[in-house]
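Quick notes on the structure that follows.
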Amino acid sequence: MQETLQRRLSGIDVNSRAIILIGLAALFVPQFAAGSNLDVATRIVLFAALSSAWNIMAGYAGLFSFGHAAFFGIGAYATAYLLAVQGISPVVGLVVGAIGGALFGLLLGYLTFRYKLRGAYFVLTTFAFAEMLYLIAMKFSPINGAVGLRVPIRREESWWWMQFAPNSPNYFYLMLIYLLITLVAINMLMRSRTGQYIVAVRDDEDAASALGINPLRSRLIAVAWSGALTAAGGTFYFQYLFFIEPPLAFGPNISVEILLPGVIGGMGTFWGPLVGSGLLIILGELTTSFVRQPPEFLSFLQGRSGLDLALYGALLIGIIMFLPRGVYGTLAHRWEVRRERQVHRAEASSRDGMKEQRDD
Amino acid sequence: MTEASPGSEPQAASNGPLLEITNVSKRFGGLLALSDVSFSVQQGTIHGLIGPNGAGKTTLFNVVAGTFAPTTGKVAYRGADITGTPSHRMASLGIGRTFQIMKPFGSMTVHENVRIATYGRTDSTEEASTEADAVIAMVGLERWRDRSAGELPTAGRKRLELARALGLAPNLLLLDEVLAGLVPAERKPLIDLLKEIRSTGVTMLLVEHVMQAVMALSDEIVVLHHGQMLASGSPRDVIDDPRVIEAYLGEEHRHAEG
Amino acid sequence: MDNSPNVAAAGAADDPETVEITDSGASLMTDAERRERQIRRVVGVIVAVTVLSLNFEQIQLLTGPNRSVLIQATVTGILIGGVYGLVSMGLTLIYGVLHIINFAQGALMTVGMYSAFSLVSRFGFDPYATVVFTVAFLFVIGAIVQGLLLNRIMKESLEKQLLLTLGLSVFLENVLLLLFSPTPRAVQLPYARGSTSVFGITVEWPFQVFGAVASLPRTIAFFGAMALAGLLFLLLQRTSLGVRIRSVADNPRGAALVGIDVQRTYILVFGLGAACVGAAGALVLPFLSLEPTTGESFNVIAFVVVVLGGMGNVVGAILGGLIIGLTQQIGGIIFTGQSNLLGVFVVFVLVLFLRPNGLLGRAH
Amino acid sequence: MRRTKRSTAIASAFVALAMIAAACGGDDEAAPAPEPTPAPAPAPEEPGDPIAIGALHPLTGGLAQDGIAMDEAAQMAVDDINAAGGIKSLAGTELTLISADSQGSPDVGATEAQRMIDEGVVAIIGAYQSAVSINVAALAERSGVPFVIDVTVADAVITDESRYTFRIQPNATDNGVFGVQALVEMAELAGVEISTVAHLYDQSGFGTSIHDALAAEAEVLGIEIVEKITYNPFDVSDLTTELARVEASGADALINTGYYGDGVLVARGLNEVRPDNLKVVFGVASGAFDVDEFPSDVDGAGEYFFNSNYHYDATSARVQDIRARYEERFGKPMRTAGVLAYQAIEVIAQGLESAGSADRDALRDGISGVVIDDPLVATSGPIQFDESGENINARPIVMQVLDGNIRQVYPVNFKEADFVFGQVPWRD
């Protein structure tokens, strides 16, 4: 019995096993973190998922988006409109938002491919699209324009309405489900043939086309997945926050908040966004509480506005300067290099006649 | 993404040439890069395309490979017009190509690089892996199988270019200066490899600077000069053609022979 | 029989660098056809948008007694457009040579504004006299940023560099917040409402043009921006320093081969780019109120202007600035009820799609 | 110094727990509790542990200046109450303030509010930005923790279902409605005809909601809004064209709703465009026209500008005393936002007095029954909350820039100076 399980597990790839482990471990988080700490954990999980979704485009497909707020906002507003205006469950909003995000992704992906916008031009196009949605949302009366929409408060807890008592661990579990689904989806996509085509197109579009890969198709798949998963995050965020307004949905800050964990953790790595999200949010909490209660000799800093964000900016500069592959990316790369060197050495020694080593 | 293996396609016009280039011209802005080029490539042969720098070889190569469309003229493959077919469709027709500037997928291993190509031939990932290994063995990259493609030395990258194109099991192989940038000691095994590939029935169109290799390999040669066809025929005919010697070969030929 | 253009053409085609540009993948069109089609499409879109948005009331607005609004929008658009041009000049210079999208450009401008403000409020400087200092100060800051930070990641991807400047912008803005608090500041121009005599012509401020007004500080900012743009242009075109910068922009490896210190040129260029917003900061201070986030609002506009004018094109930046200034102002009265930035973004996206090298840009 | 150290709070919470445990243990074993009595618990004779109140404001970020001032004012209110003998109905139990930084962001705000609730605050004041307040209000409603809004005008913070959310200041609708009413009343008093207005306002939720209320009321009053122009206060650098539109519209009055920087642009731009038609410039909840620095920042270009806004009552002796002490203690003038934070703490203290208990639900009932007869902010009567938690007497008052000073001018009971109607600085 145990053997079978082991064999079954070994058939699952490393990432899937890690996802299962993380999922299991995370089930116990609410046991240890309550109240505001659980809130922090919830935010870590949410932004890990959002940034992972962003990573499909920016990391794996090489399409650096500086306007992911567009997808996020579409998801948030689809849910908000259906729930707050039409009284329809956020579960429906989730699906509608995800489809909307995917469709918007297809549009963006097609236009940028058609007009060959790369590098800086691609970055600026994504930014411009998010800004345009922001400006339109500000004046769009069906979604209450600049004033925004809020979640109608219910008296009872409900998964169907995605609403629970404040402080309920269910919010955490909701985000955890979102994260796990996102990770499984990304893992499946990137391990599939399609996923490898996406990476091939990123590495060299011409070479990939010469091997029969339709670069537009690969790109569109990546952008649609990224858009749909990010939009789903918008749904959960709205349910968690109870309120949405254009700056919270489409603002440039949202785009930056989505991309930073991926960049800090390591773009194009599976675990980078998770590591980055945990690191950024925990560091943010620490600097905030540091400024709130600095040690005695730094007490003049107490309550000085700007200090924590200045530290944050300096930290970002530092990480990009010294860990250009991101925290996880750099570690993973070092490990990879070391392993390759070992393989190399083993090969060299095996060629030197120590053949029995290989037979082990 | 790619269709069934080229072997399964009906051999349309099987007694005609495999590749037929008819009156191809290409204009970049006001400048004429190719002017009225026509020739054909027979199944199972190696066709060399030579000419001095700036003769239009690469332009012609790119027109054939579908990188861009000619301004006028037509490219036919197995009797079917493929002018301006997007390059990713070429692969499914059984046309593979290499790049002059090598383009490995730097984030993947050698095996994964080749597997991207063999994926197109089968639905099973395992089969694709096996096929990839066979190709890797053929080009002699076994030792590098699990190394990152970005780490390969130049000669290895050339072989990887070739391996990926072979991974498509092509009918026609378009080779863009596969020998350039190699030291003579590295050329020899690669030339042998190309001969071996020909022996499996693959047709090749070879753009090359290295004369020695072209002479040794080609069944037919086309010489381009200033975007126009200067001469064509067997290596002997071409090398004896006084216009070719005058326009192009003179120095380089002596150099190569010497 | 052969003629040399053919050689050149074939040569260009054989050069892999050049092939990249014309590498059109799937497309069957020639470049000329494509350009023509695109131009036709741009014109079509502009006409359609204009026709759709001009309902009767607005046509009346443009022709009736309210014509002065249109004139005012034009005057304001040109004046503010000059400032946009100045802010964008630095950005385009940095992009053109370093290929860095500098998100800290706005924050650097705020640094310039606060340094000018300090000189005015502490030492009683004339606001315009501070230009000399802010230009020098921002040049030094820019040079330090490039020398200490960006030069070390010049080989990294565009995104890494962009994010570093983003971090820098967060850092600078919050250091300003720490030093100056968020209280809005403003400086006074004591002579803003007097009259000026130039060549015997006396001008009363604010100056009246066809029923529109141009205030002294905005007029000074405009002409100051034009003068500085001219200086920068001369510097790039007529001096050996300019030759050095341009050669590094065209081909850093080649420049290094002929003995140009590329790293030092980068430092110089970032310094110059920062100095531009230093000047802009001092010039706009007399008519804006100042907070640590003031410069940031120019960031977005500057990106649009830079793309419109062609990335790396200094003259294009000025032209782009004027166009965006006018688009914003006139768009604001045509698209009533919409944010006047929406028109700017529509122009931005159209340019990105249809003329990504900008109005004056060349393929590079 | 200013804030209770977190560790101290945790330590005291532990001590409290230990004491409660000890007390319960003793009681329970000696005599099991009798059946619960419906009568209110008798006031304890000994003061208990300090009662914690949470203050959530943007202490960092662009709006930190007001946020910090509000936090300081709240601390001062707590100190004043303690100095006056604490909560009398709880035998002089003292108050303590737990401060938190929302960073101006709704999710951080919610996390911090949750943290304070975990730490045992009986009520929360805050939160300045509407997005943060809406979020905290939702949390407060669902957690059953009273939330007293010091500053946030957005209507949406309070809904018909609100039970635990209270607001002292007028909301956006009241600001818009009473603002345009005041304009009409003052015009009548001055004998100046105002029949058309142009509204120039910030495009965000703040300006939009005020515009909607103002426009509806203007229609009722028979005033025509001949031009409405929006702008983004965060990226606007020139309003000349917008002001040219105001001139072209021929409006009698210009109403402006916005923040500081854009208010400065309005004043300067008006003195350049010099619209002949305008008889009066009237702010409705303008963030500039009633700020002390405004007249000198625009160098006289703001003279005669009105602003209808929620404001501290400068005529109240108590306000004068508090502002003087604040300025002495913190070295800067106390602005309306600070006075409102002080007022919010007073409301909670009053609620505690009448509840006679630090229980959150009892406190909610206490606050909803509060009547404060001598409010620090200008209102039309005592501070009293309706069912949903809005202050029924919340009113904006009108201030005017006169000789470079901000003066309260209307209604008469708040009058510091007589208003001058029908004047603009560019026409002498």
Should the pair A/Arg219-A/Glu205 be classified as a salt bridge under the 4.0 Å nitrogen-to-oxygen rule?
-> no

Smallest heavy-atom separation, C/Val306 atom then C/Ser88 atom, equals CG2-O, 3.6 Å

Are A/Tyr60 and A/Phe270 side-chain neighbours, meaning at least one heavy-atom pair lies under 4.5 Å?
-> yes

Going through the distances and angles, do C/Val351 and C/Val347 end up as a side-chain contact (heavy atoms from CB on, under 4.5 Å)?
-> CA-CA 6 Å; C/Val351 170; C/Val347 170; 4.2 Å; yes

Do A/Ile221 and A/Arg217 have side chains that get closer than 4.5 Å, going by heavy atoms?
-> yes

Distance-only donor-acceptor check, side chains C/Gln105 and C/Asn102, under 3.5 Å = yes

Sort C/Leu352 into side chain, backbone, both or neither according to what part of it lies under 4.5 angstrom from a heavy atom of chain A.
-> both

Between A/Phe127 and C/Phe103, how do the two ring planes meet: parallel, tilted or perpendicular, split at 30° and 60°?
-> perpendicular

Those residues of residues 319-329 of chain A, ordered by number, that approach chain C below 4.5 Å (heavy atom to heavy atom) = A/Ile320, A/Met321, A/Pro324

Go through the atoms of C/Phe348 and report whether side chain, backbone, both or neither lie under 4.5 Å from a heavy atom of chain A.
-> side chain

C/Ile153 backbone acceptor or donor facing C/Gln161 side chain under 3.5 Å = yes

Residues A/Ile258 and A/Ser51: closest non-hydrogen pair is O-OG, 2.7 Å

Scored by heavy-atom pairs under 4.5 Å with chain A, the best of C/Leu162, C/Ile100, C/Leu342, C/Leu172 is C/Leu342

If one checks every heavy atom of C/Leu149 against chain A at 4.5 Å, the contacting part turns out to be both

Contact part of A/Leu311 toward chain C, heavy-atom cut-off under 4.5 Å: side chain, backbone, both or neither?
-> neither

Quick one: what part of A/Met138 sits under 4.5 Å from any heavy atom of chain C, side chain, backbone, both or neither?
-> neither

C/Phe180 atom CZ, neighbour heavy-atom count above 12 within 6.0 Å | yes

How about A/Tyr115 and A/Tyr121: are their ring centroids closer than 6.0 Å?
-> no

Per-residue tally against chain A (heavy atom, under 4.5 Å) across C/Leu168, C/Val175, C/Thr165, C/Val304 peaks at C/Leu168

Does some side-chain heavy atom of A/Tyr197 sit less than 4.5 Å from a side-chain heavy atom of A/Arg202?
-> no

Do any N or O atoms from the side chain of C/Thr294 and from the backbone of C/Glu291 form a donor-acceptor pair under 3.5 angstrom?
-> yes

Check whether A/Leu117 gets within reach of chain C through its side chain, its backbone, both or neither, counting any heavy atom under 4.5 Å.
-> side chain

Within residues 63-73 of chain A, which positions have a heavy-atom distance to chain C below 4.5 Å?
-> A/Phe64, A/Phe66

